[in-house]
Engineer: 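After the structure tokens below, expect a handful of questions from me.
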Amino acid sequence: KSAGRISRTPRQKPTYYSEPRISLYIMVKVTTVTAAILLAASAQAFSPSPLSSNNPNNGAAPPKSALKSEVATTADPASSSTTAQQAPSSPATDMASPKREKILKEPALWEYNFGLQDPGLTMPHGIVAGQTAPETYQLTEEQIQTLEEDGVVHIKGVFDAEWVQYLRDATGHQVDNPHFWAFAGTASKLYDYIQRNIWQTNKAFANFYYHSAMGDVLRQCGRTDEIRVSTDLLMVNPNKGFKWHQDNQNGPITWEDGIRFWITMDETPAEYGAPVYLKGSHRNDVVDEGAVFVDIEQKGLEDYKDKLLEFRTMPGDMLIWHPRTIHKVDGPSDGIWTTYRRVLGGTVCKAGTMYTDKRGSGGVLSDLGRHGLEQGDKLESSFFPIVYPRFDNDEAKDRDSGKVGRSPRDIVSKLGGLAGKASGDKFASFFQVLGSQAKR
């Protein structure tokens, strides 16, 4: 495993594929449930297709100079640290102090793209995309047992400087060329940028799953001989933060079949942004499976609420946890990130996982694909690609051809069960999670 100074990976000429141009004029008054659907689904309303770009500038949105500058000048994975957050100052001090400004600006409506995107990045370590076998990374038995007992484990330095820069470059390209699937989450200011199932539209992330050691790490954590990606998220700067919660948008799988993961690209600030977990809380039997928000003062959580595990992750680290492990992340007190907190995260599933239809629950929002699987079917589909022991060429071809995506008919069918009172209560639970911020 090589490590050391980051050298920016060469870029090839970007390739774009997307749907015919679509004019968007949005002036809609929505109900609470509709708003929640848009927010949590990250506007997953269009299927990728190998056509031309929606963006008039050959698919490329105007560059975000701040992002390009930060990536270009980063010389070491640990160099993305932030400065301490200032306490409220007097008017006289405010006149002398520069105003805190967000490092990343919200995209304009016309900057969003549709369809497949390919940044054209050269892969680390001489890897040939679509040919080279996945890399490996050996865990210790102690690390695996920590996950099983505590419900979370921090694995340091899984990915070296080359992989970190590759992910930063892929993220930089994505933010410079925002996809419409990110519209709702970004426009809501929940994150500076957030997109579900990023691997389906951005080839660089698909290649990362196919060729990196991620699959090998997660199969050891799950003591399994197969790993498939159930759902994923690219997350840049959580402005509002998230209060105590459990993860229930894991794709169409059960709690026990899933393994949650984070791959971090930046140093976590000292003041905020570090995930905090309740040790062993994945074993609790009092939090409803459909709940997102968790009141840690509720009866039955007495044995967990004071057992706090905080992880200040660094570039190339992985955080891995059980979907039921209760956790939170605080955002900056003023909602302004002056540095980056870029994370690739999601849920994978183990060998033998069966399809679990989650229509009528919030979990369906992470399963809006047109894969055709039914309750009880074995979860073998190009919509849930295998990454260990090795990627499948036919599944990769389905993704590259645009067959892996969503259609309006499937979305309407799956979201139709969310209009009832029970679903409304679950979305209320989702909104309770938002807004955890560091104290000044």
Side-chain angles (χ1 to χ4, degrees), residues 1-15 68 70-80 117-140 143 154-174 198-221 225-229 232 234 261-267 313-320 340 342-346 348 385-393 395-397 399-400:
K1 221 167 83 71
S2 62
R5 180 176 296 275
I6 290 182
S7 58
R8 185 179 177 87
T9 53
R11 288 199 186 196
Q12 302 168 358
K13 185 177 179 181
T15 304
K68 286 185 173 293
E70 189 275 344
V71 172
T73 57
T74 299
D76 185 90
S79 66
S80 297
Q117 298 172 302
D118 184 356
L121 300 180
T122 299
M123 301 203 70
H125 309 160
I127 291 171
V128 178
Q131 298 182 29
T132 306
E135 294 184 334
T136 60
Y137 185 94
Q138 187 62 45
L139 299 184
T140 67
Q143 289 172 321
H154 180 194
I155 312 294
K156 299 180 180 180
V158 176
F159 303 101
D160 66 14
E162 288 187 59
W163 274 119
V164 170
Q165 191 61 45
Y166 176 86
L167 289 173
R168 286 176 173 176
D169 287 344
T171 301
H173 181 276
Q174 189 61 65
I198 189 72
W199 73 273
Q200 292 185 1
T201 60
N202 187 316
K203 190 174 179 66
F205 291 103
N207 283 337
F208 173 79
Y209 292 151
Y210 297 158
H211 296 287
S212 76
M214 184 197 79
D216 187 44
V217 170
L218 294 172
R219 68 91 184 171
Q220 293 173 75
C221 288
D225 58 4
E226 179 181 295
I227 289 291
R228 287 183 174 270
V229 176
D232 73 344
L234 176 64
F261 70 90
W262 259 27
I263 298 166
T264 54
M265 306 177 214
D266 303 288
E267 179 180 350
T313 53
M314 304 295 283
D317 291 357
M318 287 189 74
L319 265 182
I320 303 165
Y340 285 108
R342 294 164 287 195
V343 170
L344 179 63
V348 299
I386 189 170
V387 294
Y388 185 88
R390 184 184 173 93
F391 64 92
D392 182 276
N393 284 320
E395 290 180 354
K397 288 177 183 177
R399 180 244 169 247
D400 293 345

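Remember, it's a predicted structure, so these values are computed and weren't measured experimentally. This chain uses plain numbering: 1 for the first residue, then up along the sequence. Every heavy atom of this structure was used, including side-chain atoms; hydrogens, water molecules and symmetry mates were not.
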Engineer: Check the pair D400 / K203 against side chain to side chain contact (heavy atoms under 4.5 Å, CB included), numbers first and verdict last.
Structural biologist: CA-CA 8 Å; D400 293 345; K203 190 174 179 66; 3.0 Å; yes
Engineer: Write down the atom of A204, the atom of L121, and the distance for their closest heavy-atom approach.
Structural biologist: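 Scanning both residues completely, I find the closest heavy atoms to be CB-CD1, 4.2 Å.
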Engineer: Please identify each residue that fulfils side chain to side chain contact (heavy atoms under 4.5 Å, CB included) with P385, with sequence neighbours left out.
Structural biologist: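 By the side chain to side chain contact (heavy atoms under 4.5 Å, CB included) rule, P385 matches W199, V229, E395.
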Engineer: Identify the heavy atoms of Y137 and A213 that sit nearest to each other, and give their distance.
Structural biologist: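 Minimum heavy-atom contact is CB-CB, 3.9 Å.
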Engineer: Can you check whether I386's main-chain N or O pairs, donor with acceptor, with D392's side chain at less than 3.5 Å?
Structural biologist: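 No; judged by distance alone, with no hydrogens or angles, the pair does not exist.
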Engineer: Any idea which heavy atoms bring M265 and L344 closest together, and the distance?
Structural biologist: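 Smallest heavy-atom distance, with atoms named: CE-N, 4.0 Å.
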Engineer: Can you tell me how far CE of M123 sits from OG1 of T132, rounded to the nearest 0.5 angstrom?
Structural biologist: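 Rounded to the nearest 0.5 Å, the OG1-CE separation comes out at 8.0 Å.
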Engineer: Please test D160 against W163 for side chain to side chain contact (heavy atoms under 4.5 Å, CB included), starting from the C-alpha separation and ending with a verdict.
Structural biologist: CA-CA 6 Å; D160 66 14; W163 274 119; 3.7 Å; yes
Engineer: Has the side chain of T264 got a donor or acceptor atom that lies under 3.5 Å from a matching backbone atom of M314?
Structural biologist: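 Pair found, side chain donor or acceptor close to backbone of M314.
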Engineer: Below 6.0 angstrom between ring centroids: does that apply to F208 and F159?
Structural biologist: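 Yes, close enough.
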Engineer: Return the CG to CD distance between L234 and Q174, rounded to the nearest 0.5 Å.
Structural biologist: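 Between L234 CG and Q174 CD, I get 6.5 Å after rounding to 0.5 Å.
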Engineer: Taking 4.0 angstrom as the limit, do K156 and D317 come out as a salt bridge?
Structural biologist: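 Salt bridge: no.
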Engineer: Of all the heavy-atom pairs spanning P315 and R168, show the shortest one and how long it is.
Structural biologist: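 Closest heavy-atom pair between P315 and R168: CG-NH2, 4.0 Å.
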Engineer: Test side chain to side chain contact (heavy atoms under 4.5 Å, CB included) on F261 and V217; report intermediate values, then the result.
Structural biologist: CA-CA 10 Å; F261 70 90; V217 170; over 6 Å; no
Engineer: Side chains of Q138 and Q220: do they bring a donor and an acceptor to under 3.5 Å?
Structural biologist: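 Looking only at side-chain atoms, Q220 and Q138 do form a donor-acceptor pair, the distance falling under 3.5 Å.
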Engineer: Quick one: are T313 and H154 in side-chain contact, heavy atoms under 4.5 Å?
Structural biologist: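 Result yes, sub-4.5 Å side-chain heavy-atom pair found.
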Engineer: Stepwise, does the side chain to side chain contact (heavy atoms under 4.5 Å, CB included) test hold for M318 with L218?
Structural biologist: CA-CA 10 Å; M318 287 189 74; L218 294 172; 4.1 Å; yes
Engineer: Starting at OG of S212, measure out to NE2 of H125 and round the result to the nearest 0.5 Å.
Structural biologist: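 If we round to the nearest 0.5 Å, S212:OG and H125:NE2 are 10.5 Å apart.
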Engineer: As a quick check of understanding, evaluate side chain to side chain donor-acceptor pair (under 3.5 Å) for N202 and Q117, giving each step before the final call.
Structural biologist: CA-CA 5 Å; N202 187 316; Q117 298 172 302; 5.2 Å; no
Engineer: Treating D216 as the side-chain partner and R219 as the backbone partner, does any N or O pair qualify as donor plus acceptor under 3.5 Å?
Structural biologist: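 Here the side-chain-to-backbone pair does not exist.
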Engineer: Under a plain distance cut-off of 3.5 Å, with no hydrogens placed, do D225 and Y388 share a side-chain donor-acceptor pair?
Structural biologist: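 Per modelled atom types, Y388 and D225 side chains form no pair under 3.5 Å.
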Engineer: Please report the closest heavy-atom contact between N207 and A129, naming both atoms and the distance.
Structural biologist: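 N207 and A129 have their closest heavy atoms at ND2-CB, 3.8 Å.
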Engineer: How close do V387 and P134 get, counting heavy atoms only, and between which atoms?
Structural biologist: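 For V387 and P134, the tightest heavy-atom pair comes out as O-CG, 4.3 Å.
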Engineer: Among I320, L319, L167, whose side-chain contact (heavy atoms from CB on, under 4.5 Å) with I263 holds?
Structural biologist: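 Filter result, single survivor: L167.
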Engineer: Would you tell me whether E135 and H211 have side-chain atoms, one donor and one acceptor, within less than 3.5 Å of each other?
Structural biologist: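 E135 vs H211: no donor-acceptor pair found between side chains.
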Engineer: Has the side chain of D266 got a donor or acceptor atom that lies under 3.5 Å from a matching backbone atom of R342?
Structural biologist: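 Yes, because the side chain of D266 sits within donor-acceptor range (under 3.5 Å) of the backbone of R342.
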